[in-house]
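These notes concern the structure reproduced below.
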Amino acid sequence: MRRSSTVLDPPSTPGAPVPRGDWRTLARLFPYLWAYRGRVLLALACLVSAKVANIGVPLILKRIVDALDLQPGDARVALVVPVALLVAYGALRIGVTLFTELREVIFARVTHDASRTIALQVFRHLFSLSLRFHLERQMGGMSRDIERGSQGVSSLISYTLYSILPTLVEISLVIGYLVLHYDGSFASIALGALLLYVVYTVRVTEWRTRFRREMNEQDSRANTKAIDALLNFETVKYFGNEDFEANRYNHNLLERMRAAIRSQTSLSVLNLGQSLIVASAVTLLVWRATVGVVNGTMTLGDLVLVNAFMIQLYVPLNFLGVLYREIKQALIDLERLFRLLGEHREIADAPDAQPLALDPDAAPRIRFENVHFAYDARRPILRDVDFTMAPGTTTAVVGASGAGKSTLARLLFRFYDVNGGRVTIDGQDLRKITQKSLRSAIGIVPQDTVLFNESIRYNIAYGRPEASSDEIEAAARAAQLHDFVVSLPQGYDSNVGERGLKLSGGEKQRVAIARTLLKDPPILILDEATSALDSRNEQAIQDALRRAALDRTTLVIAHRLSTIVDAEQILVMAAGRIVERGSHETLLRAGGEYARLWSMQQSDDERAMA
């Protein structure tokens, strides 16, 4: 089924080299914001307007103070001038709030949409990465990286646009006014104190950053261990290792606590130094203004103005350390998110890849041609595997664990590319067709069925999300699942729990069979499809699977040989090679490995029945 998408085209190419450094991280973020350049420029205009109004407030306050410094008998002026100034003062106050809120309203869509687009792009990219990547990753830590990175986008934009940039604009306006209207010492003291304040804050915050980074690392490790333990709840309970898991978790929490304490102590050092710089600067400026008033070169309004300017400047600067730390942390989190986005796609569609072309009136032919494969070059899994699956037939693969049976299914799905030889469907090399079209043509019933934490209906419909309720129920009936489902209080709306843990192994496998039957693919893979079923249901499911395999090309990976006696072709694998092939009767007559396995299983079944 074709699905429409409203996702914006990614501004950067996944798989490109991951830029390092804060400026390069910002450069990767910039295209997401510039997509809304109109809103960005309008928000910046509101920002400047808000700061101009904010600077106007102390100026009006100065005029009010000077206007009130009148000689006796000037009652008319006292009534008119201050009233007009008070109205202007109130208007500017309202203007500051108005332009500030307008800026946030205008820019809100930019912030949230950039965060959404990046998070969605990473989510899609993770699904484009190979199975090897996901098997080697710890999901708990990776999920925190995605969560922090998405939040980092909003934090970085908010702190930069709403705090740092407005403060820089205000500093420029204030210093400019002091230079134009007062003695040069005022601007020198204010600018010198600001530079000292910024340098001190940045240096100390850089020193403190390693404590925050260490705290986050320990937090990720603790989260990874907690999720891993909770996902394996039953295993933990089986072995009574609750205390062991709690101690592992507590070790990381203790390390996080120590890093947090060091971070808090260093914060106190930062705050003390900042207060000393601010107090010294304000004291010097007020002293210079007081001297000016006494000498008659400045008015009381000028004294109030200088003091108000400094208060307006240093109030936001009090949070500079926190802002700088949060911006640095947001950049680190965002870089980790972009690093995920830059992970190399081990399995990617070729530039000229075409959709898989199949004859709608005939089952496909599958061919493994002299295939060599290894997950690790030091340990080959498949060695010169060569066989053909004729259209509409069933090919079964048997052999000991580790012989390479399940690897055949993974290669057919193209979770990995072969190291030598090739795999074809109707003569088309899997490496030259799109992965989406390939996987839409294959259905699988895996040995280890993992379900979504959703309803039974949702999990069956996952095979074909647009299927109707009648089609879902028909698939459930074919999988011998319907009677069980309707016996539940909530029927098809019953939740299966995390990874399907509310269902038994046989019930989960029947859900897997139902969703594959619903998908109705031309190629079918059954990986120990009845391994979790009891004897009473196994024959009924086998009949359903045989009907499902009609007019399909089917690959069966089997342990119980009794389930594959009707297969047109049986392959016996050992150490990554095909050591025998033929029908059930042919292999029994040959008296080789297959006959030995058959004899062993027959003996086991007889002892079980005795």
Side-chain angles (χ1 to χ4, degrees), residues 363-371 373 381-412 421 423 444-447 480 506 509 513 523-610:
R365 176 185 298 274
I366 300 173
R367 179 100 170 89
F368 280 70
E369 299 181 15
N370 306 111
V371 169
F373 177 75
I381 300 297
L382 298 180
R383 299 176 174 86
D384 196 27
V385 172
D386 191 286
F387 66 93
T388 299
M389 298 170 59
T393 64
T394 296
T395 296
V397 184
V398 300
S401 297
K405 304 186 300 296
S406 294
T407 300
L408 296 176
R410 289 178 173 180
L411 292 178
L412 188 55
V423 182
I444 185 170
V445 180
Q447 178 179 6
Q480 302 294 308
Q509 204 144 27
I513 293 170
I523 301 171
L524 189 60
I525 298 176
L526 306 176
D527 187 356
E528 302 282 3
T530 60
S531 61
L533 299 176
D534 53 55
S535 300
R536 183 172 63 87
N537 286 315
E538 182 180 6
Q539 186 58 48
I541 295 297
Q542 281 293 334
D543 292 340
L545 291 175
R546 288 191 188 97
R547 289 194 297 271
L550 291 175
D551 300 322
R552 290 183 173 87
T553 305
T554 305
L555 176 66
V556 180
I557 299 167
H559 171 69
R560 298 187 62 178
L561 304 186
S562 59
T563 63
I564 59 167
V565 294
D566 295 330
E568 284 84 354
Q569 177 179 218
I570 299 174
L571 308 177
V572 183
M573 295 191 68
R577 299 181 186 276
I578 298 175
V579 295
E580 294 180 25
R581 70 180 75 204
S583 66
H584 172 72
E585 296 296 335
T586 302
L587 292 174
L588 285 183
R589 286 195 301 268
E593 178 66 13
Y594 182 85
R596 187 182 67 82
L597 292 173
W598 177 266
S599 178
M600 289 175 58
Q601 290 192 10
Q602 291 296 106
S603 299
D604 291 341
D605 290 343
E606 289 174 1
R607 283 196 297 270
M609 295 177 62

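If you're wondering where the values come from, they're calculated on a predicted model, not measured in any experiment.
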To the nearest 0.5 angstrom, please state how far the [atom1] atom of [X] sits from the [atom2] atom of [Y].
X: Ile578; Y: Ile570; atom1: CD1; atom2: CD1; answer: 13.0 Å
X: Thr586; Y: Arg589; atom1: OG1; atom2: CZ; answer: 4.5 Å
X: Met389; Y: Leu412; atom1: CE; atom2: CG; answer: 7.0 Å

So does Ala400 get a backbone contact from the side chain of Lys405, meaning a donor-acceptor N/O pair under 3.5 Å? yes

Taking all non-hydrogen atoms of both residues, which atom of [X] and which atom of [Y] are closest, and how far apart?
X: Phe387; Y: Gln569; value: CB-OE1, 4.4 Å
X: Ala558; Y: Ile564; value: CB-CG2, 3.5 Å
X: Ile525; Y: Ala409; value: CG2-CB, 3.9 Å
X: Ser406; Y: Asp527; value: OG-OD2, 3.5 Å
X: Val572; Y: Glu593; value: CG1-CG, 3.8 Å
X: Thr553; Y: Gly392; value: OG1-N, 3.2 Å

Sequence neighbours excluded, which residues qualify as salt bridge (Lys or Arg N to Asp or Glu O under 4.0 Å) partners of [X]?
X: Asp386; result: Arg367
X: Arg365; result: none
X: Arg577; result: none

Would you call the rings of His584 and Trp598 parallel, tilted or perpendicular, taking 30° and 60° as the class edges? perpendicular

Test side chain to side chain contact (heavy atoms under 4.5 Å, CB included) on Leu561 and Val398 and set out the steps. CA-CA 8 Å; Leu561 304 186; Val398 300; 3.5 Å; yes

Criterion side chain to side chain contact (heavy atoms under 4.5 Å, CB included) on Leu382 and Met573, from CA distance to verdict: CA-CA 10 Å; Leu382 298 180; Met573 295 191 68; 3.7 Å; yes

Quick one: does [X]'s side chain get under 4.5 Å of [Y]'s, heavy atoms only?
X: Leu526; Y: Thr554; answer: yes
X: Asp566; Y: Thr394; answer: no
X: Thr395; Y: Phe368; answer: no

Got a sec: does the NE2 of His559 have more than 12 other heavy atoms crowding it under 6.0 Å? no

Evaluate whether atom CG of Asp551 has more than 12 neighbouring non-hydrogen atoms of other residues, nucleotides or ligands under 6.0 angstrom away. no

